[in-house]
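Down below is the structure, laid out as structure tokens.
All residue numbers refer to positions in the sequence shown, counting from 1. Just so it is clear, the values below take in all heavy atoms, side chains as well, and ignore hydrogens, waters and symmetry mates.
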Amino acid sequence: MLVGWCFTTSVMAQEDTIPDRKTSIKVSPFNLINPWDGTLLAGGVEFKVKGNIASYTELGLYLPEVNINPALENNRGFLIKQEVKRYMNAQGQTTGPYWSVELSYSQQRYSRTDTINIPGYPAIDKYSKKYDLERSFYGVAGQLGNSFSMGRFFAEGYAGLVVRFNTVKCNGLTNREAKYREMGDWNNPNNWIHRCGFTVFPKVLLGFKIGYTLLQ
């Protein structure tokens, strides 16, 4: 009986020490080395709504001067996300493992230089051409994640699946040139997102954030 009482007391004491993050700020460092969409400076604010329900809003800006993907020249635009999170915490706290639903919207403008290879084209088989693209997408995602507190600082990892409704406008290309662009392997998702017109495609999400708790 005494051992059981001591164990229960110890567990309750540990639960009492779990920090409840009422308001926190986060940054996403991996977005700075995104090889598909370009370099993105992103951060956001999460606040407790009620019990173990939280809301997270993130804003990101593409940095044309610091671009890890040399194929995207002068990449500029923004990304905004709104996420509703339910923490799987029996104490009604907004910390630990969670699942969430996220909506996202992005607008980008950038330039590319690609090889055009039109079958049967007279005189010249291949030629290079620089052109501008305008890209936007809406995304709907489901995610599972976990956060680990270190005092007021914490780390958060997550994985999930997003469906993106992607629209790309190619300026300076004919429909034929757009069709016969050589951008590497077209089976690579990196190239799907640059297709002219409207496309819908799924994408696996893997991410990591670091944060700081403003209010507990």
R181 side chain reached by Y131 side chain, heavy atoms, under 4.5 Å: yes
Stepwise salt bridge (Lys or Arg N to Asp or Glu O under 4.0 Å) check, R164 with D37: CA-CA 13 Å; R164 285 186 173 176; D37 299 316; 3.7 Å; yes
Cationic N near anionic O, under 4.0 Å, K129 to D114: no
Sidechain N-carboxylate O distance under 4.0 Å for R112, E73: no
Non-hydrogen side-chain atoms of H194 and L72 separated by less than 4.5 Å: yes
R76 charged N/C atom sitting above Y62 aromatic ring, 6.0 Å / 45°: no
Polar side chain donor-acceptor pair, S28 to E58, under 3.5 angstrom: yes
Check: E156/Y98 side-chain N/O donor and acceptor closer than 3.5 Å: yes
F47 six-ring centre to K22 NZ/CZ under 6.0 Å and within 45° of normal: no
Any donor-acceptor N or O pair under 3.5 Å, side chains Y87, K85: yes
F165-Y138 aromatic ring centre distance below 6.0 Å: no
Polar contact flag, side-chain donor to acceptor under 3.5 angstrom, T57-Q82: yes
Non-hydrogen side-chain atoms of L103 and V140 separated by less than 4.5 Å: yes
K169/D132 salt bridge by N-O under 4.0 Å criterion: no
Side-chain H-bond candidate by donor/acceptor type, T39 with N34, under 3.5 Å: no
Beyond-backbone contact of S55 with E46, side-chain heavy atoms, under 4.5 angstrom: no
Minimum side-chain heavy-atom gap P202-L161 below 4.5 Å: yes
Pair Y158-N146, side-chain donor/acceptor within less than 3.5 Å: no
Side-chain donor-acceptor contact under 3.5 Å, S149 with R21: yes
Donor-acceptor contact below 3.5 Å, side chain T174 vs main chain E177: yes
Between T167 and E134: side-chain donor-acceptor atoms closer than 3.5 Å: no
